Amino acid sequence: MPVFLALQSRRVIPFWGRGAAAASSAASRRCDEELYPGSSRAQQCAQPCPSCWEVPADIISTVEFNHTGELLATGDKGGRVVIFQREQESKNQPHRRGEYNVYSTFQSHEPEFDYLKSLEIEEKINKIRWLPQQNAAYFLLSTNDKTVKLWKVSERDKRPEGYNLKDEDGRLRDPSMITVLRVPVLRPMDLMVEATPRRVFANAHTYHINSISVNSDYETYMSADDLRINLWNFEITNQSFNIVDIKPANMEELTEVITAAEFHPHHCNTFVYSSSKGTIRLCDMRAAALCDRHAKFFEEPEDPSNRSFFSEIISSISDVKFSHSGRYIMTRDYLTVKVWDLNMENRPIETYQVHDYLRSKLCSLYENDCIFDKFECVWNGSDSVIMTGSYNNFFRMFDRNTKRDVTLEASRENSKPRAILKPRKVCVGGKRRKDEISVDSLDFSKKILHTAWHPSENIIAVAATNNLYIFQDKVN
Amino acid sequence: MFLTPVVPHWPFQNMDTMFVRGLKRKCFDGEEDIEGTLAGIKAIPSYNLQRQSLLDMSLVKLQLCHMLVEPNLCRSVLIANTVRQIQEEMTQDGTWQMINTQSTGQASLDRLVSTDILCRSSRDQAEGKHVPAYGTFNKDFESDQAQDSSETMSTASSVQAPRNLQSNVWEMENPQENKGNFQKSLDQIFETLENKSPNSVEDLFSEVDNSYYDLDTMLTGMMSNTKMGHCDNLETFSTPTNTASNSNCKSDLNDLDHIVEILVES
């Protein structure tokens with residue numbers, strides 16, 4: 001298990017108010033200094049920057065590295081996407097590993113109003129998924145409750161100069177005054193990062209979208225809501241195929257919803273989806289157009305000794321992730337993380353307790369709705385370590401090989417740059433040791449729901465409410 | 001274990017402590033030594049109380065919703081399943097059936113609700129399922145202008161005083177189980193709930209549309225088109241499933257705009 005130290009932490013601050021159209025973030029590149037923790041407001045920017053003004057930071061709702069780990073995207077409750085890019089390691093400062101700086105910021109989704117139902121559609125970004133890079137531009141999918149958008153993020157560092165019909169300011173020239181024709185030439189300019197929406201996939205979901213997953217064929221992707229899963233082709237926005245539909249004929253018979261879905265990393269015909277009853281279904285799209293009949297059904301028999309009124313609620317799976325190898329799936333329910341072998345359906349091969357000390361507190365957690373929190377889970381690049389979040393800004397890592405686990409905290413105090421993260425411990429009963437924290441002192445408003453692990457290195461991104469923390473392992 | 005009027009102020013604080021510590025009970029008719037033996041029977045009232053409290057909490061959760069944004073379906077389904085589980089257990093216990101068979105006045109109320117629900121679900125009718133009085137339920141999802149008024153009528157009448165229904169239910173049980181003081185404690189609890197938080201309980205029922213006072217309508221209500229079958233346009237619009245449907249959506253959207261226009265103008 002790697003020992004982690006704090007790389008940096010960021011407060012996700014948008015540089016303009018809500019509703020701004022996607023624009024270049026040249027200004028944001030100058031303002032990185034503002035985002036370091038502990039800096040006073042007086043010394044925000046290294047240089048004067050009129051576009052820098054702080055608005056209340058929004059709660060981060062999703063975090064995702066791209067396939068190379070060079071980019072890290074975050075989505076927040078305000079519908080904004082902030083992309084960080086890793087600095088290239090320089091020979092001058094070899095000990096200073098690549099830090100992540102703001103690369104692009106744009107407003108992905110706006111709040112909408114459904115006139116038919118008289119309800120607001122939140123602009124909160126539920127998920128971001130990157131497409132593998134195929135040319136110089138980067139593509140990502142971002143989704144709110146109802147609409148998926150494909151964004152293209154590209155750099156522009158040259159611009160044409162010397163137009164014939166308009167002058168340098170863009171004003172049209174009087175054609176009668178033109179005496180000479182010239183060929184426009186490309187001249188270098190300040191690097192500008194543009195984000196443009198290339199596709200909008202709308203009106204296909206009646207219920208709230210909880211997952212999107214890019215297929216390994218890189219041509220299709222799926223979006224899953226509470227009751228249905230749709231398959232899309234990236235090129236076609238006015239049409240999607242429904243591949244799973246668990247909506248009962250009588251809504252009063254509804255007892256189960258879809259909570260997460262993901263494509264197999266290598267087999268483009270296979271995907272899994274999890275349910276609120278703690279089951280996972282693996283489906284093969286070759287079998288039928290509508291995959292209502294699963295090919296495999298993963299469910300662990302209930303432990304009768306632990307049965308309570310909350311058993312079903314805590315068994316509801318909040319996240320499901322394939323391992324990079326494609327051999328295993330990991331599921332997160334309220335108290336545990338489980339690893340399943342695709343070849344064995346009757347029980348998981350590994351179960352890890354995330355915060356079992358909460359088992360006796362389930363009623364309080366039900367009362368304050370914390371029991372419905374949806375925690376995510378992630379694999380590391382080699383599938384040897386898994387990570388998930390907890391309360392009090394704690395997050396947990398489990399090493400599958402050594403069976404060791406560690407609890408770490410994402411907080412300002414612990415995250416001075418280069419500070420090594422100290423393992424934390426929750427005291428369950430009896431005497432509380434000096435560094436331990438008792439269960440009753442846990443802050444349930446500080447929850448870590450979203451984390452991400454770099455695809456090949458030991459760099460992790462942890463979202464704690466409106467703060468993003470990036471940790472990397474100690475350089476040996 | 002004793003039962004005292006533990007005043008669980010709104011919302012239930014320290015529920016876990018209450019559960020863990022047990023509840024103090026005043027004199028329990030027919031029980032002499034409360035301290036010692038009869039652990040099983042002693043456990044039952046407090047377990048029942050716990051269960052009832054959980055049921056009440058769940059019902060309130062289902063009702064309390066900020067209608068500006070569509071509520072979370074997963075959460076609602078999980079809460080509803082918990083409620084069903086409790087009520088199934090109460091039915092098995094005999095607690096629920098006793099209530100239904102005894103009280104004539106209340107039974108008619110229950111039956112009224114039951115009938116309404118039975119009309120919608122033939123499966124329930126076939127099974128002869130005891131449909132519990134979902135008197136305190138409320139619509140959790142989007143309000144639906146297209147609600148069928150006849151259904152509104154039948155469910156509305158069952159709704160009058162859900163709280164009273166609940167306490168009456170327990171009162172009916174009283175002579176059978178001889179838990180006079182237990183009942184008093186429960187009444188105190190209910191009273192406390194109502195007094196402590198007039199806003200939450202009273203306003204819930206005053207403001208909300210009567211038609212949504214049962215679980216099924218509530219779950220149904222989220223699909224505005226499912227049950228009411230008002231407009232086929234709505235149906236198509238809400239469930240764009242197949243390949244051509246998205247193009248239908250656009251034309252249906254135009255139809256909808258047309259309808260909205262008409263409604264607004266009138």
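A, B, ... follow the sequence lines: proteins, then strands. Residue 1 opens every chain. In this text, all values refer to a predicted model and were calculated from it rather than measured experimentally.
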Whatever's closer than 4.5 Å to a heavy atom in chain B on A:F372 counts as side chain

Need one label for A:S308: side chain, backbone, both or neither, based on atoms under 4.5 Å from any heavy atom in chain B.
backbone

Evaluate the ring planes of A:F201 and A:Y221, with Trp represented by its six-membered ring, and classify them as parallel (under 30°), tilted (30 to 60°) or perpendicular (over 60°).
perpendicular

Proximity breakdown for A:D369 and chain B, heavy-atom pairs closer than 4.5 Å
both

Ring centers of A:Y366, A:Y334 separated by less than 6.0 Å
no

What part of A:S316 lies closer than 4.5 angstrom to a heavy atom of chain B: side chain, backbone, both or neither?
side chain

Report which part of A:T259 has an atom under 4.5 Å of a heavy atom belonging to chain B: side chain, backbone, both, or neither.
side chain

Are A:S390 and A:K447 side-chain neighbours, meaning at least one heavy-atom pair lies under 4.5 Å?
no

Taking the six-membered ring for Trp, are A:W232 and A:H205 parallel (under 30°), tilted (30 to 60°) or perpendicular (over 60°)?
tilted

Which of these, A:I229, A:L227, A:D225, sits in a side-chain contact (heavy atoms from CB on, under 4.5 Å) with A:I258?
A:I229

